[in-house]
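Following: one structure in structure tokens, then a few remarks.
We name chains A, B, ... by the order of the sequence lines, and we start the count at 1 in each one.
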Amino acid sequence: MLDIRLVRSEPELVRDGLRRRGHGEEALDELLSLDIARRKVIAEVEELKRRRNEVSMEIARIHKAKGDASSLIAEMREEGEKISALDKEQSAMDERQRVLLLNIPNIPQKDLPVGKSDKDNVEERKIGTVRTFDFEPKAHWDIGTKLDILDFERAGKITGARFVIYKGLGARLERALITYMLELHVDKHGYKEVFPPFIVNRDSMVGTGQLPKFAEDMFKLEGLDYFLVPTAEVPVTNMYRGEILDEAALPISHCAYTACFRAEAGAAGRDTRGLIRQHEFDKVELVKFTKPEESYLELEKLTSDAEDVLKGLGLPYRVVTLCTGDIGFSSAKTYDIEVWMPSYGRYVEISSCSNFESYQARRMDIKYRPQNGKAEHVHTLNGSGTAVGRCLAAVLENFQNEDGSVTVPEVLRKYMGGTEKIS
RNA sequence: GGAGAGAUGGCUGAGUGGUCAAAAGCGCUCGCCUCGAAAGCGAGUGAGCCGUUACCGGCUCCGUGAGUUCGAAUCUCACUCUCUCCGCCA
């Protein structure tokens, strides 16, 4: 969430951020008027409490001297009622302020391209050569079904639409990709691997910004206030919720494999075939905690680390900077990495790398203590490193052969018992 | 699932109704000492909020939330989490 002091001192900066996003300003207006009223109540109740504290000391002194303080006690009984009435008023205002702040998105970084949708995103670089096929390339769902390594039909039977069973070398390929990605980030890029719970509580979902606004996108467990993780970002970023981190330990870099669960509400009819939009998919995630002044440098590194996954596999991709209208709710700046998908005839998102600045850290209250300074909020970042299902789809499509077989990328063979070709 | 113990500042850990933001130790910062360092000695060192914003004044916070009281770290109730033992179990 935003710092209420920033909202108070520079409301136009916040308003400008909302406008660039194309976001409504009602919450900001309410927040500004509430802030004034709330501070008035605080001043009032604190004055009464100051007086009560004074008198309580006086009563203690009188009792110690074996005197009679009954008139003071009677007086304070009445004061106490006023105080608790004002306390109630204040906590209602506190709660309202919290709700408003939780529902105002982050301010986009000032240099972001202004725009309404993904059409206004800006391409940064294009890496690798898109293959020209001398036959008609097939879509990954056809390739995978024909090779009997993907089974959408039986997954529909045991669960429902938007689920899949990986079989034989398909399962092996999924596992190889996960291992390849984790080992790359741990051994080459210096991330520390964690394996977090796939179920988290409400505070964690609020901490990273999935709640309260996006509840309909999440799977909630019945009868419990627990949720299936939509991304490893949630458990991993929340590891340090409420903590003050050691400055010397920063930046902290974690990578994690988890399954990810998304209700995909509102996505009916989109990407209904294949692995692109599933309710459950695997992902290797990168998460960083940094000092404020280092976060944008770390965003470049994190994005480059994710790109290395695709470079190693030999998949063509491009990197785009998301415009103000397309970045996520909590993000200040986001790069998307898009892999070339022959069946779509275009690049498809496979990773999203974001700097949240202090927006999540303030929600989660994650700080560090600078040398000789007061504790302040860290910056948090994360990015997919990368989405495994989409990566597998890209491998099948980009490395397919005319006879329906698929050539396994060199870097994956050691995880697949030396298999060079799936046929 | 059953029984018990516990949750206090960056860390360890005292504190069972008022003079407690809270002993002591560790850590950290500064100073003395030293050629320098260590040790030793001395001083300082929690967070949030409100007002002023130079200094400072005030309020709140001892797992979370309610309650009792003129007054709660301390008493009552509920909840969460951690640890120990028993049971069950991959």
Side-chain angles (χ1 to χ4, degrees), chain A residues 1-10 31-102 195-207 211 221 223-227 235 238-250 252 259 289 291 358-359 361-378:
Chain A
M1 65 179 114
L2 300 179
D3 186 347
I4 183 63
R5 283 169 301 187
L6 177 76
V7 175
R8 186 186 301 149
S9 62
E10 305 199 49
L31 192 57
L32 288 169
S33 59
L34 175 69
D35 181 53
I36 293 165
R38 178 176 160 274
R39 280 148 69 205
K40 200 175 158 205
V41 170
I42 289 173
E44 210 174 323
V45 72
E46 286 191 354
E47 174 56 25
L48 289 175
K49 285 179 177 173
R50 188 194 60 75
R51 165 117 182 94
R52 179 176 67 183
N53 289 342
E54 264 177 23
V55 174
S56 289
M57 298 273 243
E58 180 62 22
I59 291 170
R61 270 194 294 275
I62 291 171
H63 280 173
K64 205 167 185 183
K66 307 270 188 240
D68 174 22
S70 54
S71 68
L72 277 180
I73 289 173
E75 186 190 328
M76 280 304 102
R77 195 170 290 151
E78 283 177 36
E79 289 294 300
E81 279 166 28
K82 278 193 220 165
I83 289 171
S84 69
L86 282 172
D87 266 343
K88 261 191 189 157
E89 197 175 335
Q90 193 205 326
S91 56
M93 288 170 134
D94 287 349
E95 177 55 20
R96 184 63 191 158
Q97 181 185 81
R98 200 182 79 91
V99 167
L100 289 168
L101 282 171
L102 286 179
F195 194 97
F198 292 10
I199 294 174
V200 295
N201 61 29
R202 178 173 295 273
D203 284 344
S204 294
M205 294 288 270
V206 171
L211 292 179
L221 299 196
L224 289 166
D225 213 15
Y226 287 166
F227 301 81
N238 275 279
M239 277 171 61
Y240 302 109
R241 171 149 50 84
E243 296 189 26
I244 297 178
L245 304 173
D246 183 7
E247 182 185 24
L250 300 178
I252 294 172
F289 304 81
K291 298 183 203 177
S358 58
Y359 187 88
R362 192 167 289 107
R363 283 176 167 241
M364 284 179 287
D365 199 22
I366 303 177
K367 296 179 172 176
Y368 80 106
R369 198 186 300 283
Q371 197 80 18
N372 282 331
K374 287 180 82 74
E376 66 177 298
H377 291 107
V378 298

Using Watson-Crick geometry (N1-N3 plus N6-O4 or O6-N4) or G-U wobble (N1-O2, O6-N3), each under 3.5 Å, G71(B) is paired with none
Rounded to whole Å, the CD-P distance (Gln97(A) to C49(B)) equals 10 Å
Separation of C49(B) atom P from Ile36(A) atom CD1, nearest Å, is 18 Å
The Watson-Crick or G-U wobble partner of C32(B), with both key distances under 3.5 Å, is G40(B)
_Test your reading of the model: is there a side-chain donor-acceptor pair from Ser204(A) to the backbone of Val200(A), 3.5 Å cut-off?_
no
Worksheet item: Between Arg8(A) and C50(B), is there a side-chain N or O to OP1/OP2 distance below 4.0 Å?
Response: yes
Taking a pair to mean Watson-Crick or G-U wobble geometry with both distances below 3.5 Å, C81(B) pairs with G6(B)
**Asked** With a non-hydrogen cut-off below 4.0 angstrom, is Lys40(A) in contact with a base, only sugar-phosphate, or nothing?
**Response** nothing
Between Glu47(A) and Ala43(A), whichever has its closest RNA chain B nucleotide further toward 5' is Ala43(A)
pair_partner(U53(B)), Watson-Crick or wobble, both distances < 3.5 Å, evaluates to none
Between His377(A) and Ala361(A), the two heavy atoms sitting closest are CD2-O, 3.5 Å
_Can a donor-acceptor pair be found, under 3.5 Å and without considering hydrogens, that links the side chain of Arg363(A) to the backbone of Val206(A)?_
yes
**Item:** U16(B) and G2(B), which share atom name P, separated by this distance in whole Å
**Value:** 33 Å
If pairing means Watson-Crick or G-U wobble with both distances under 3.5 Å, then the partner of U19(B) is none
Separation of G51(B) atom P from Lys49(A) atom NZ, nearest Å, is 16 Å
| query | Say you pick atom C1' in G17(B) and the same atom in C26(B); how far apart are they, in whole Å? | reply | 31 Å
- Does Arg362(A) reach the main-chain N or O of Met1(A) with its side chain, forming a donor-acceptor pair under 3.5 Å? yes
Heavy atoms of Ala375(A) and Ile244(A) approach each other most closely as CB-CD1, 4.5 Å
Going by atom types only, do Asn53(A) and Arg50(A) share a side-chain donor-acceptor pair under 3.5 Å? no
Q.
Looking at G58(B), I'd like to know if its phosphate oxygens (OP1 or OP2) sit under 4.0 Å from a side-chain N or O belonging to Arg50(A).
A. no
To the nearest angstrom, the CZ-C1' distance between Arg5(A) and A47(B) comes to 12 Å
Between Glu243(A) and Met239(A), the two heavy atoms sitting closest are OE2-O, 3.4 Å
Whole-Å distance, Asp203(A) CG to C79(B) P, equals 18 Å
When rounded to whole Å, the CG to P distance for the pair Leu224(A) and C79(B) reads 16 Å
Heavy atoms only, 4.0 Å cut-off, all strands: where does Arg51(A) land among base, sugar-phosphate and nothing? nothing
Closest non-hydrogen atoms of Leu2(A) and Leu101(A), given as atom of the first, atom of the second and distance, are O-CD2, 3.8 Å
query: Taking the C1' atom of each, how far is C79(B) from U12(B), in whole Å?
result: 28 Å
Heavy-atom nearest pair, Met364(A) first then Arg241(A), reads O-CG, 3.4 Å
Contacts of Ile42(A) and Met57(A) projected onto RNA chain B by closest heavy atom; the upstream (5') one is Met57(A)
pair_partner(G48(B)), Watson-Crick or wobble, both distances < 3.5 Å, evaluates to C59(B)
Requested in this report: Using the P atom as the reference point in each nucleotide, state the distance between G36(B) and G44(B) in Å, no decimals.
Outcome: 26 Å
Whole-Å distance, Glu46(A) CD to U52(B) P, equals 13 Å
Across every strand shown, the nucleotide meeting Watson-Crick or G-U wobble geometry with U76(B) (both distances under 3.5 Å) is A66(B)
Considering only atom C1', compute the distance from G42(B) to G46(B) and round it to an integer number of Å.
-> 23 Å
To the nearest angstrom, the CZ-P distance between Arg98(A) and G65(B) comes to 11 Å
Scanning all shown strands, the Watson-Crick or wobble mate of G87(B) with both distances under 3.5 Å is none
Determine the interatomic distance between C1' on G63(B) and the same-named atom on U74(B); round to the nearest Å. 16 Å
Produce the list of close N/O pairs, under 3.5 Å, pairing protein atoms with atoms of nucleotides 66-73 of chain B; give distances to one decimal.
residue	atom	partner	partner atom	Å
C70(B)	OP1	Arg77(A)	NE	3.2
C70(B)	OP1	Arg77(A)	NH2	2.4

Work out how far the P atom of G25(B) is from that of U45(B), and round it to whole angstrom. 15 Å
query = When rounded to the nearest Å, what value does the distance between C1' atoms of A72(B) and C20(B) take?
reply = 11 Å
